[in-house]
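Everything on this sheet refers to the single structure shown next.
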Amino acid sequence: MKDCVLLLAFSFLTFFNVNSQNLTEDFNLLMPEAKIKSVYTKLTVIDARIDTTSMGVIQKGAFNRKAFLKPTIPLKKQIQDLFVNMVSTESPAASELLLNVRDFKFAEVTEAFTETGYCYLRADLFSKKDSMYQKIDSVDAVYEVNSTDVTKKNIRNGSNKLIDFISSNVNVIKSGPNYSFNDILNITSIEKRKIPVYNTATYKDGIYHTFDRFKNIEPSSSQFELTRNKKGKITKLERIWNSGASRAEVKPSDIFCVVQNGKIYMASDYGFAPAEFKNDDFYFQGKAKVTAKTGNVILATAFFGIIGGIIAGDATSEFEMKVDHLNGSTVLIKQINK
């Protein structure tokens, strides 16, 4: 879970202070500078983002007031126009691509002498064959740029990453696993049905160092001991071996979670938080540290999609969170008011 604290920084970039909630800026993708040859003549776009009205947050003016990026032209239409401006085709038959945009957001943070911009893109690309769609590529990444005034550079970089993703798949007909259109609309549920931990009510006791271990219900170590205080809160985790003759303390920041008596406890810099499986996701409550240093972030779900109406608390505010099913990162849901 050590990467998850860093990922939470993205989530806080989508929050606003009270005085800037109504500030908005139009968002427009940059069109490609040159055409490329394509065997596909059509692109259908599904905008599957939780919030389809916003593209994230930028900073405006000398005081870096935060503003929503809100496209006047819907993102779906902008991407379709981008495709038309991008491809040159001589194909006699109509060949169709389908792009499922699962998230696409921008954010900025100001540091000492520079601004850092982030773009998060999660999308799947399908090639249509008869009435089915074959998955040919996917992207799930966070892109970073730095500048003294980063907004234009960030949007340009994000636009180029989307262009690169599409253009790298248009020169030849590709094939992959088959999905129906309805399957694509429900892709998250389909993905979860292939992950063991999302399809069981029984969790093996043990220490899980990584999300991959957890999702496959394969503990890294089954021999451990938990120490709790009078309130039942976990204060120490120790891995034991040699029939208990040897033991070593395990820092919660170094593992993903621990399971004792079938109960899951998510791990972070702040210790352990009990998790509950409900509505097909693993939810837990805990503290979230705000940090602007996210250069080593490679996971994707920091931009949790619920933007607006939430005011950032202090550095140790408590939040409801859930686990992203694809990479195990922490998705911030809402602040807990106490």
Side-chain angles (χ1 to χ4, degrees), residues 29 36 38-53 55 71 73-84 86-87 89 91-105 120-141 161-201 211-212 215-217 277-282 299-301 303-306 322-329 331:
L29 282 171
I36 60 173
S38 171
V39 295
Y40 296 96
T41 58
K42 181 181 178 181
L43 176 69
T44 297
V45 180
I46 297 174
D47 189 351
R49 297 173 301 143
I50 295 175
D51 182 357
T52 60
T53 67
M55 293 299 301
I73 302 172
L75 177 65
K76 175 179 175 179
K77 177 66 165 57
Q78 290 194 39
I79 296 176
Q80 290 171 331
D81 291 343
L82 181 149
F83 181 79
V84 171
M86 181 177 70
V87 302
T89 179
S91 175
S95 301
E96 183 179 339
L97 286 172
L98 185 148
L99 179 69
N100 186 31
V101 182
R102 303 173 68 171
D103 221 331
F104 191 26
K105 293 286 194 302
Y120 165 42
L121 175 62
R122 173 180 281 182
D124 301 319
L125 193 62
F126 300 83
S127 173
K128 187 175 182 180
K129 185 176 182 180
D130 299 324
S131 62
M132 299 297 289
Y133 296 85
Q134 298 183 331
K135 186 176 180 179
I136 60 174
D137 205 356
S138 62
V139 60
D140 188 9
K161 296 301 183 184
L162 178 61
I163 291 170
D164 291 344
F165 174 62
I166 298 173
S167 64
S168 64
N169 289 284
V170 300
N171 58 343
V172 295
I173 297 290
K174 296 183 178 182
S175 61
N178 282 322
Y179 294 84
S180 69
F181 188 81
N182 190 62
D183 287 339
I184 297 172
L185 295 179
N186 296 281
I187 193 69
T188 296
S189 179
I190 292 173
E191 289 168 343
K192 288 177 180 177
R193 299 294 69 81
K194 298 177 182 179
I195 303 174
V197 78
Y198 282 85
N199 298 278
T200 183
F211 175 66
D212 281 343
K215 74 178 185 180
N216 292 306
I217 321 177
F277 186 73
K278 60 181 180 180
N279 301 324
D280 217 20
D281 275 306
F282 291 94
L299 303 180
T301 55
F303 295 99
F304 55 93
I306 302 175
K322 72 176 183 178
V323 176
D324 180 83
H325 72 285
L326 290 182
N327 53 40
S329 59
V331 182

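Quick caveat: nothing in here was measured; it's all calculated off a predicted structure.
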Pair Asp280 + Lys322, salt bridge at N-O below 4.0 Å =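 Salt bridge flag = no for Lys322 with Asp280.
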ask   = Taking only residues two or more places apart in sequence, or in another chain, which ones meet Ser168 in a side chain to side chain contact (heavy atoms under 4.5 Å, CB included)?
value =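 Listed in chain order: Asp137.
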Next on the checklist: Looking at Lys194, I'd like to know if its NZ atom is crowded, meaning that more than 12 non-hydrogen atoms belonging to other residues, nucleotides or ligands lie closer than 6.0 Å.
Outcome noted: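 Incorrect, the count does not exceed 12.
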Give a yes or no on whether Lys174 atom NZ has more than 12 heavy-atom contacts from other residues, nucleotides or ligands under 6.0 Å away.
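Buried by this count: over 12 neighbours within 6.0 Å.
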Any donor-acceptor N/O pair, [X] side chain to [Y] backbone, under 3.5 Å:
{"X": "Asn199", "Y": "Lys192", "answer": "yes"}
{"X": "Thr41", "Y": "Ser95", "answer": "yes"}
{"X": "Asp130", "Y": "Met132", "answer": "no"}
{"X": "Arg122", "Y": "Ser138", "answer": "no"}
{"X": "Gln134", "Y": "Lys129", "answer": "no"}
{"X": "Asp81", "Y": "Gln78", "answer": "no"}

> Is the Phe277 ring parallel, tilted or perpendicular to the Phe282 ring (thresholds 30°, 60°)?
Replying inline: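 It falls in the tilted class, 30° to 60°.
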Run Asp281 and Lys278 through salt bridge (charged side-chain N to carboxylate O under 4.0 Å, His left out) and show every step you take.
CA-CA 6 Å; Asp281 275 306; Lys278 60 181 180 180; over 6 Å; no
Of Asn169, Ile184, Ile136, which is the lone residue that meets side chain to side chain contact (heavy atoms under 4.5 Å, CB included) with Phe126?
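Per the side chain to side chain contact (heavy atoms under 4.5 Å, CB included) rule, the option paired with Phe126 is Ile184, out of Asn169, Ile184, Ile136.
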Margin query: Here's a test for you: under side chain to side chain contact (heavy atoms under 4.5 Å, CB included), which of Asp47, Ile50, Leu326, Ile46 qualifies with Arg102?
Written below: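 Going through Asp47, Ile50, Leu326, Ile46 one by one, the side chain to side chain contact (heavy atoms under 4.5 Å, CB included) with Arg102 is satisfied by Leu326 alone.
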Please round to the nearest 0.5 Å and tell me the distance separating atom [atom1] of [X] and atom [atom2] of [Y].
{"X": "Tyr179", "Y": "Lys135", "atom1": "OH", "atom2": "NZ", "value": "5.0 Å"}
{"X": "Ile166", "Y": "Ile79", "atom1": "CD1", "atom2": "CD1", "value": "6.5 Å"}
{"X": "Asp183", "Y": "Asn100", "atom1": "CG", "atom2": "CG", "value": "11.5 Å"}
{"X": "Ile163", "Y": "Leu82", "atom1": "CD1", "atom2": "CG", "value": "4.5 Å"}
{"X": "Thr52", "Y": "Phe104", "atom1": "OG1", "atom2": "CZ", "value": "14.5 Å"}
{"X": "Arg49", "Y": "Lys76", "atom1": "CZ", "atom2": "NZ", "value": "12.0 Å"}

Which atom pair, heavy atoms only, marks the closest approach of [X] to [Y]?
{"X": "Ala123", "Y": "Val101", "result": "CB-CA, 4.2 Å"}
{"X": "His325", "Y": "Ile195", "result": "O-CD1, 3.4 Å"}
{"X": "Tyr120", "Y": "Asp103", "result": "CE2-CB, 3.6 Å"}

With a 4.5 Å cut-off on side-chain heavy atoms, are [Y] and [X] touching?
{"X": "Leu43", "Y": "Val84", "answer": "no"}
{"X": "Phe165", "Y": "Leu99", "answer": "yes"}
{"X": "Leu98", "Y": "Lys128", "answer": "no"}

Evaluate the side chain to side chain donor-acceptor pair (under 3.5 Å) criterion for residues Ser329 and Asn327: first the C-alpha distance (whole Å), next the side-chain angles of each, then the deciding distance (0.1 Å), finally the verdict.
-> CA-CA 6 Å; Ser329 59; Asn327 53 40; 2.7 Å; yes
Criterion side chain to side chain contact (heavy atoms under 4.5 Å, CB included) on Leu97 and Phe83, from CA distance to verdict: CA-CA 10 Å; Leu97 286 172; Phe83 181 79; 4.3 Å; yes
